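One structure below.
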Amino acid sequence: MTIEDPFTFEERRLAEMLHRVTPEPPRGVTVEDIAIRLANAGAGSSRRGGRSRAASRSGGAPSRGPNDTAVIRGPGRPGRGRRWSPLLAAASVVIVIGASTGLAVALTSHNSPSSPTAGATGSPTSRPSSPGTQSTTTATAPTTTPATGPAVAPIRIANGPWDAELIDSDQLTPGTLVGSGNSLYAISAGYLLRIDAKSGVVKEEVQYSAPITGQPPVVDGSTIWVVWSFGGGTVELRGFDAQTLAQTGSVTVASSGSLASEPEGILAAGPDGTLYVAAGDSVAVVSPSSGTVLRRIDVTGGPAESLAITPDGSTLYVGTAGAVNFGLTSYNAATGAKLAANTQVADQPGNLVATSGGAFGTTGVSMGEAVWFFPASDLASAKEVAQAANGGSVAVPTLADGAVWVGGTRQLECLGAVSGVQENSGAISSVSGIPDQFGSVAYADGNAYAIFLNPHTQQAGVAKITPPNTCVG
Amino acid sequence: MAGHTEELPVSGGPARGSAGGGEPDGFRGFVEARSSALLRSGWLLTGDWTSAEDLVQTALAAAWPRWESLDQSPEMYVRKIMVNTFLRWRERRWNGEIATAKLPELRAYGDVFAQVDSRAALTAALDRLPARQRAVVVLRYFADMTEAQTAQTMGCSVGAVKSHASKALARLREAPGLAELMTGGVAP
């Protein structure tokens, strides 16, 4: 392009400034990227709002139902796209995004056999402690239900940490509470819930059988993403409107190599909304605006079992369980370059949380988990920062309001997000020798909340807590 | 997805639409030579690298099947798709202008953080613009397109381009920190 029009002085200064200030991209686009993208489009992908032109050209009817989820699988077949066969194999990705629920949900049934591990909990039943307003349906579309009842007065939890008071009485899956704006989101047997943080009222619910227990939903601006299915060589995500919980899209990512056998946190969102999905021997980087896999970051050391992205989006941490060692590796999220690794982790690092100071994660299984801190400056010098003592999934670390939080059955703790040092803690009480459980701390509406369970009385729900000022990051 | 998957038809691969059944002649050279510039334009349009990459990939993927039959400059064609895609995204996702409540304060030039601050000030200023004004700014003043080329790319009249540019300049004049950026300098 040449400049033929005379610029005014102001325009010339603007042009000069744009050229001077606009940074160089962290990585370029390659022909291979485009080939994979075209392969995805040919596989029936479509943008939000309709089928892609490419898909239409291939002769598909506007609504083909399940067949729209065509997947390019395996090595290229002879005589087809010769030089691109390896790329097609690498691009075994199906992306389906539908603006309308009708389009998106036509593709995969909630209890579809296409999701080998999805719906492992079976057909959803009535959500505990929630009125049975949800009709069971055989339709493929998950149905949403509006507010379930009036607010109730908070109930002070006897001897609870940090002035804990119960604001909601749903039995929530430990490790799944997240906050955004004025809402809390959590998973409760067979449902994804949106809870108004101020009142504790469940405003919306949608049927959702989590294929990975304890996998929290991920908030990406106005969309809540959940792992819908995990297995059979694919990971399917579904996006729901953050207010209405109406489904807005789905993304299916093919695994490269085997999927993790013990996934513990396989989905994360960067600060710009970019989604990171652990998909076997790579992490798929997905654009939420188009639902397209932009690129893959190859993972060393075995299938990616867990991942986390730093709040600034610069560094991706991936926990792996290889044939020989467990490992934690950091990558430049923009370029995919490996930065550092700890290949001598004693147990599988899972439930990762990333901060500018490093990564926090659990080791151990089930009720014996401990929380470790892997400093970014030296991943190898990991140290145990909390012993969750029978806390199970409720003890997984979370990052909220600038601090890292760890729950359990002994104490609720806040840790310095950069230092990993405990800043404060609140004791968790026992009733008749049976300890309460607190954990999964999240922030919404300017307040802190945690999942609470009293195994003795079966009292459970969301507790509002008031952490000391030293916990604020 | 085993129950709902099928093999892609032979005609569905990336070579589809390409006369030679593979990568079009000149496509790789164009991508290698221009992807950086296109990404920078995408960054100015969207304000983040992920969306920029998405824009560029979308445009290049659309250009691939038509590459050898394009009746215009490939770059013009790719930029046209980028802009149209960007405008569609803005319509769908943001529904117009985003008000920026708090703008970053600029540090003194020479500060090690000044470059980062400059970029933040620039994107904050561009966020003040409606989508079409922003597109005109990027095409006219960054991609160095003429008014006629900009109009062709955006599918509007030259008069509309002039109008968008004029309004954009007026808004940018009021953007905190931008005047200093335009008169000062930060070493690249």
Side-chain angles (χ1 to χ4, degrees), chain A residues 1-5 10-11 13-15 17-26 28-31 33-35 37-39 41-43 48-49 58 66-67 69-73 80-84 87-88 94 107-108 112-114 116 232 234 236 252 270 272 274 287 289-290 292 294 334, chain B residues 1-16 21-23 27-28 31-32 35-36 38-40 43-44 48-54 56-58 60-62 64-65 75 89 92-93 118-119 122 137 140-147 149 169 172 181-183 185-186 188:
Chain A
M1 284 51 172
T2 57
I3 301 176
E4 295 172 359
D5 304 318
E10 184 183 33
E11 288 176 315
R13 284 198 315 187
L14 173 61
M17 183 272 293
L18 288 174
H19 284 94
R20 173 167 42 84
V21 175
T22 305
E24 290 294 327
V29 170
T30 66
V31 173
D33 292 334
I34 309 307
R37 181 128 181 168
L38 279 167
R48 229 180 268 270
S58 68
N67 286 343
T69 59
V71 174
I72 307 169
R73 287 192 175 282
R80 168 192 169 203
R82 294 164 298 280
R83 61 193 297 185
W84 294 108
L87 292 173
L88 292 176
V94 172
L107 308 179
T108 309
S112 161
S114 67
T234 61
E236 183 185 1
T252 302
D272 59 358
T274 303
S287 165
S289 52
S290 66
T292 304
L294 296 172
Chain B
M1 299 295 294
H4 290 298
T5 59
E6 63 181 16
E7 292 290 332
L8 182 74
V10 172
S11 60
R16 161 175 50 84
E23 181 183 316
F27 186 76
R28 181 174 293 270
V31 172
E32 290 174 354
S35 78
S36 176
L38 294 171
L39 283 166
R40 293 176 79 203
W43 183 85
L44 285 170
D48 71 82
W49 287 119
T50 299
S51 298
E53 193 172 335
D54 201 0
V56 174
Q57 284 194 14
T58 298
L60 290 171
W64 176 313
E75 179 152 350
W89 286 358
R92 190 176 61 231
R93 296 178 63 193
S118 301
R119 292 166 190 169
L122 174 57
V137 167
R140 278 286 284 148
Y141 306 119
F142 182 74
D144 298 336
M145 286 187 175
T146 65
E147 288 175 337
Q149 288 170 330
L169 282 167
L172 292 177
L181 273 183
M182 288 166 65
T183 53
V186 179

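All values below were derived from every heavy atom in this structure, side-chain atoms included, with hydrogens, water molecules and symmetry-related copies excluded. It should be emphasised that the depicted structure is a prediction, and the values quoted were computed from it without experimental measurement. Residue numbering restarts at 1 for every chain, and letters A, B, ... go by the order of the sequence lines.
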Practice problem: Please report the closest heavy-atom contact between B/Gln57 and A/Asp33, naming both atoms and the distance. | Solution: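 Where B/Gln57 meets A/Asp33 most closely, the heavy atoms are NE2-CB, 3.7 Å.
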Quiz item: Do you know the tightest heavy-atom contact between B/Ser35 and A/Gly28?
Solution: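 It is OG-CA, 3.9 Å.
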Quiz item: Between B/Arg40 and A/Pro23, is there a donor-acceptor pair closer than 3.5 Å when you use the side chain of the first and the backbone of the second?
Solution: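 Yes; at least one donor-acceptor contact below 3.5 Å.
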Quiz item: Between B/Leu172 and chain A, which part of the residue has a heavy atom less than 4.5 Å away: side chain, backbone, both or neither?
Solution: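 Contact with chain A involves the side chain of B/Leu172 alone.
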Quiz item: Rounded to the nearest 0.5 Å, how far apart are OG1 of A/Thr22 and CZ of B/Phe142?
Solution: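 Here the rounded value is 4.5 Å.
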Exercise. Could you tell me the separation between the CD atom of A/Glu24 and the CH2 atom of B/Trp43, rounded to the nearest 0.5 Å?
Key: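 Reported value, rounded in 0.5 Å steps: 11.5 Å.
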Quiz item: Looking at residues at least two apart in the chain, or sitting in another chain, which of them share a salt bridge (charged side-chain N to carboxylate O under 4.0 Å, His left out) with A/Glu11?
Solution: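 If we apply the salt bridge (charged side-chain N to carboxylate O under 4.0 Å, His left out) test to A/Glu11, skipping adjacent residues, there are no hits.
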Exercise. Go through the structure and list residues passing salt bridge (charged side-chain N to carboxylate O under 4.0 Å, His left out) with B/Glu32, not counting sequence neighbours.
Key: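 Residues passing salt bridge (charged side-chain N to carboxylate O under 4.0 Å, His left out) with B/Glu32: none at all.
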If we only count heavy atoms from C-beta on, is the [X] to [Y] side-chain gap below 4.5 Å?
X: A/Leu18; Y: B/Leu44; answer: yes
X: B/Asp54; Y: A/Ser289; answer: yes
X: B/Leu122; Y: A/Met17; answer: yes

Quiz prompt | For chain A, the option from B/Leu60, B/Thr50, B/Val31 that forms the most heavy-atom pairs under 4.5 Å | solution =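 Option with the greatest count: B/Thr50.
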